[in-house]
2 protein chains.
Amino acid sequence: MTPPSSRSLDHPAREQIRLESVLHALSDPMRLLVVRALAEEGDEQACSVFELPVSKSTTTHHFRVLRESGVISQIYRGTAKMNSLRRDDLEALFPGLLGSVLTACSLQAERLAG
Amino acid sequence: MTPPSSRSLDHPAREQIRLESVLHALSDPMRLLVVRALAEEGDEQACSVFELPVSKSTTTHHFRVLRESGVISQIYRGTAKMNSLRRDDLEALFPGLLGSVLTACSLQAERLAG
DNA sequence: GTCAAACTACGATGGTTCTCGTACAATCAA
DNA sequence: TTGATTGTACGAGAACCATCGTAGTTTGAC
């Protein structure tokens, strides 16, 4: 696998993550799409694989909101930027929250489809 | 007890409640304060008992956001407007979500205090 | 060295939100 | 009826947010 690049990105430390910011990050449909995909498809996904129905610069914006709120971590690998859910940090700070949001996502998707 | 007044307020039906709107409603510190208090002190609390550190009109605004997102229900009783958490609806739509948010609230409050 | 791929930075725009103050409406108690 | 309590409506301002396009950077492949 491509090694991480020397370029680095600011992430909040675990104890700096705030519930309000996480809830805000999760309250946008595009960002919920990303979080869902990361949860289902696994970690270390490049930004480009998500194919959000918005422009590239808007996509960049949403990933930044997710990172700065503490929901995901990002590292560069070559030209790509790989995204992972910060499951452990979120579970330690807000037990059960990520799981219930993901469940709620799926239920709502079913409900709106069926 | 004072009977409900004839004045009525619009509430979304259960199936109209959207996860994104609920998360957005919960992503504000003032509104989290309200939800926490409703969960701890019980239902049917008047708006005035919360004593949020904002003006009355801002308080009205926050209660409206909570109601329109489906997080609380409101009825008039005399001059007061009583607020209740829509626990059953939220639990049916988003199982575990309210509980994990409330737990996260408490943990974060402890963490920031201690 | 060149080129394409992946992502960023910047500036802009239109919409939403949080906040306020003032003036008003509904209810109840005296 | 008068006054006090509770909350609303409205208008406004400042801040924030989602979105875009264009121009640029970093990297790896050829």
Side-chain angles (χ1 to χ4, degrees), chain A residues 1-11 18 20-35 37-38 44-69 71-84, chain B residues 1-11 18 20-35 37-38 44-69 71-84:
Chain A
M1 177 165 43
T2 312
S5 137
S6 62
R7 284 187 287 173
S8 74
L9 292 155
D10 274 349
H11 293 76
R18 300 285 269 104
E20 296 89 326
S21 304
V22 168
L23 292 175
H24 172 253
L26 296 176
S27 73
D28 179 275
M30 294 301 142
R31 294 193 292 260
L32 269 183
L33 269 178
V34 170
V35 170
L38 280 177
E44 292 257 334
Q45 308 267 332
C47 294
S48 56
V49 309
F50 294 93
E51 309 213 0
L52 301 180
V54 291
S55 72
K56 273 202 301 180
S57 37
T58 301
T59 300
T60 296
H61 160 72
H62 286 307
F63 277 100
R64 180 168 44 225
V65 172
L66 286 170
R67 171 170 47 84
E68 292 181 345
S69 67
V71 175
I72 65 171
S73 62
Q74 301 188 291
I75 58 168
Y76 285 106
R77 286 193 193 281
T79 62
K81 197 180 190 177
M82 311 306 287
N83 301 277
S84 304
Chain B
M1 178 164 47
T2 311
S5 137
S6 62
R7 285 187 285 172
S8 74
L9 292 156
D10 275 349
H11 292 77
R18 301 285 269 102
E20 296 88 326
S21 304
V22 168
L23 293 175
H24 172 253
L26 296 176
S27 73
D28 179 276
M30 294 300 142
R31 294 193 291 260
L32 270 182
L33 267 179
V34 170
V35 170
L38 279 177
E44 291 256 333
Q45 308 268 333
C47 293
S48 55
V49 309
F50 294 93
E51 309 212 359
L52 301 180
V54 292
S55 72
K56 272 201 305 179
S57 38
T58 301
T59 300
T60 297
H61 161 72
H62 285 307
F63 278 100
R64 181 167 43 225
V65 172
L66 286 170
R67 171 170 48 84
E68 292 181 345
S69 68
V71 175
I72 66 171
S73 62
Q74 300 187 291
I75 59 168
Y76 285 106
R77 286 194 194 281
T79 62
K81 197 179 189 178
M82 312 306 288
N83 300 278
S84 304

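The sequence lines fix the lettering, A, B, ..., with proteins before strands; numbering per chain opens at 1.
In this structure, the side chains of B/V35 and B/L66 come closer than 4.5 Å at one or more pairs of heavy atoms. Between A/I75 and A/E44 there is a side-chain heavy-atom pair separated by less than 4.5 Å. Side-chain atoms of A/L33 and A/F50, non-hydrogen and from C-beta on, never get closer than 4.5 Å to each other.
Atom CG of A/L52 and atom P of C/dC7 are 11 Å apart (whole Å). A straight line from CD of B/E51 to P of D/dT5 spans 14 Å, rounded to a whole angstrom. Distance, B/L23 CG to C/dT17 C1': 17 Å, rounded to whole Å. For B/L66 and D/dG7, the CG to C1' distance is 16 Å, given to the nearest whole Å. The distance between atom CZ of B/F50 and atom C1' of D/dT6, rounded to the nearest whole Å, is 14 Å. Going from atom CE of A/M82 over to atom C1' of C/dA5 covers 14 Å, rounded to whole Å. Atom-to-atom, CD of A/Q74 to C1' of C/dA6 comes out at 13 Å; the value is rounded to the nearest Å.
B/T60 and B/S57 share no side-chain donor-acceptor pair at under 3.5 Å.
As judged by a 4.0 angstrom heavy-atom cut-off over every strand, A/S48 is placed among residues touching the sugar-phosphate backbone only. Contacts of A/F63 with the nucleic acid, taken as non-hydrogen atoms under 4.0 Å apart, are absent.
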message = For A/R67 and A/H11: C-alpha separation, side-chain torsions, deciding distance, then whether side-chain contact (heavy atoms from CB on, under 4.5 Å) applies.
response = CA-CA 6 Å; A/R67 171 170 47 84; A/H11 293 76; 3.4 Å; yes

message = Quick one, B/C47 with B/Q74, criterion side-chain contact (heavy atoms from CB on, under 4.5 Å). Give me CA distance, side-chain angles, the key distance, then yes/no.
response = CA-CA 9 Å; B/C47 293; B/Q74 300 187 291; 4.0 Å; yes

key: B/S/- contact track for nucleotides 17-23 of chain D, protein heavy atom under 4.0 Å   = SBBBB--

request  = Can you check each nucleotide of nucleotides 25-30 of chain C against protein heavy atoms at under 4.0 Å and return B for base, S for sugar-phosphate only, - for none, in 5' to 3' order?
outcome  = -BBS--

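In plain terms, the two heavy atoms of A/P4 and A/R77 that are nearest each other are CD-NH1, 3.2 Å. Taking each heavy atom of B/M82 and B/A46 in turn, the nearest pair found is CE-N, 3.8 Å.
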With a cut-off of 3.5 Å and sequence neighbours excluded, list every side-chain donor-acceptor pair involving residues 22-30 of chain B.
{"unit_1": "B/S27", "atom_1": "OG", "unit_2": "B/H24", "atom_2": "O", "d": "2.8"}
{"unit_1": "B/D28", "atom_1": "OD1", "unit_2": "B/M30", "atom_2": "N", "d": "2.8"}
{"unit_1": "B/D28", "atom_1": "OD1", "unit_2": "B/R31", "atom_2": "N", "d": "3.2"}

